[in-house]
Amino acid sequence: MAWRGNISKSLKELRILLCQSSPSSASTRTFVEKNYKELKSLNPKFPILIRECSGIQPQMWARYDMGVERCVNLDGMNESQILKSLQDLVKAGGATKA
């Protein structure tokens, strides 16, 4: 998955919002636990922000050049769907630079 190393070239910032205890955020918590370390090691200076807030619906925000932001609602998604959503956000950022 070479695209994982290109996150910092396509995005300016990645924010993941989740609840610490709600069932709707369970797969998002698991995604963060399994993938954060690898994503950060491949993009060491890239800001990956994990925001925990009680009762919030899980979301992933991507910030691109010129302050443009896109949001994906992660409620009801499994880990592979979350990973695919991240890949789509990265590809969208690469398309804006082409």
Side-chain angles (χ1 to χ4, degrees):
M1 295 187 202
W3 64 268
R4 290 179 180 223
N6 292 329
I7 293 176
S8 60
K9 295 176 184 171
S10 299
L11 307 177
K12 294 295 183 188
E13 178 184 272
L14 178 68
R15 289 187 312 275
I16 299 175
L17 288 66
L18 56 95
C19 177
Q20 307 93 315
S21 58
S22 75
S24 64
S25 290
S27 58
T28 305
R29 287 190 304 271
T30 304
F31 171 81
V32 169
E33 291 168 4
K34 290 183 177 179
N35 293 282
Y36 177 83
K37 186 175 180 179
E38 179 188 4
L39 293 173
K40 195 61 179 174
S41 67
L42 291 171
N43 303 278
K45 295 187 181 204
F46 179 72
I48 301 174
L49 309 174
I50 311 300
R51 299 290 184 240
E52 296 178 324
C53 180
S54 181
I56 195 168
Q57 292 295 315
Q59 303 170 6
M60 184 168 16
W61 286 84
R63 186 167 53 89
Y64 303 98
D65 285 334
M66 310 287 283
V68 175
E69 293 189 338
R70 288 186 58 195
C71 176
V72 176
N73 184 350
L74 305 177
D75 191 17
M77 289 188 180
N78 61 34
E79 291 174 59
S80 62
Q81 291 170 321
I82 294 171
L83 190 62
K84 175 72 170 108
S85 295
L86 175 57
Q87 183 177 8
D88 292 344
L89 290 171
V90 171
K91 284 181 181 178
T96 61
K97 293 191 181 236

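Positions are given from 1, in the same order as the sequence printed here.
The side-chain heavy atoms of Gln59 and Val72, taken from C-beta on, include no pair separated by under 4.5 Å. Looking at heavy atoms from C-beta onward, Val68 lies out of side-chain contact with Arg63 at the 4.5 angstrom threshold. Counting heavy atoms from C-beta outward, Ile16 and Trp61 have side chains that stay 4.5 Å or more apart. Taking 4.5 Å as the limit, every side-chain heavy atom of Arg51 sits out of range of all side-chain heavy atoms of Leu18. Looking at heavy atoms from C-beta onward, Cys19 lies out of side-chain contact with Ser24 at the 4.5 angstrom threshold. Two residues are said to be in side-chain contact when any heavy atoms from C-beta on lie closer than 4.5 Å; Thr28 and Thr30 fail this criterion. Residues Leu11 and Val90 have side chains in contact (heavy-atom distance under 4.5 Å, counting atoms from C-beta outward).
At least one donor-acceptor pair closer than 3.5 Å links the side chain of Gln81 to the backbone N or O of Asn78.
One finds the CD1 atom of Ile7 at 14.5 Å from the NZ atom of Lys12 (value rounded to the nearest 0.5 Å). Of the inter-residue distances, the one linking Ile50 atom CD1 with Leu14 atom CG reads 7.0 Å to the nearest 0.5 angstrom. Here the CG-CG distance, from Leu39 to Leu86, works out to 6.5 Å after rounding to the nearest 0.5 Å. Here CG of Leu74 is found 12.5 Å from CZ of Arg29. Values are rounded to the nearest 0.5 Å. To the nearest 0.5 Å, atom CD of residue Gln57 and atom OG of residue Ser22 are 7.0 Å apart. How far CD of Glu13 is from CG of Leu49: 4.5 Å, rounded to the nearest 0.5 Å.
The shortest non-hydrogen separation linking Arg4 to Asn43 is O-ND2, 2.8 Å. Smallest separation of non-hydrogen atoms from Ser85 and Met77: OG-CE, 3.4 Å. The minimum heavy-atom distance between Ile56 and Leu17, with the atom names listed, is CD1-CD2, 3.6 Å. For Ser27 against Glu79, the heavy-atom pair with the smallest separation is O-CG, 3.9 Å.
Cluster annotation: Phe46 and Leu83 are assigned to the same hydrophobic cluster (Ile/Leu/Val/Met/Phe/Trp/Tyr, side-chain heavy-atom contacts under 4.5 Å, transitive).
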Verdict with supporting geometry, Tyr64 and Arg70, side chain to side chain contact (heavy atoms under 4.5 Å, CB included):
CA-CA 8 Å; Tyr64 303 98; Arg70 288 186 58 195; 3.7 Å; yes
Between Arg15 and Glu69, is a salt bridge (charged side-chain N to carboxylate O under 4.0 Å, His left out) present by the stated rule, with each step listed?
CA-CA 10 Å; Arg15 289 187 312 275; Glu69 293 189 338; 3.3 Å; yes
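By the neighbour-count criterion of 12 heavy atoms within 6.0 Å, atom NZ of Lys40 is densely surrounded, having more than that number from other residues, nucleotides or ligands.
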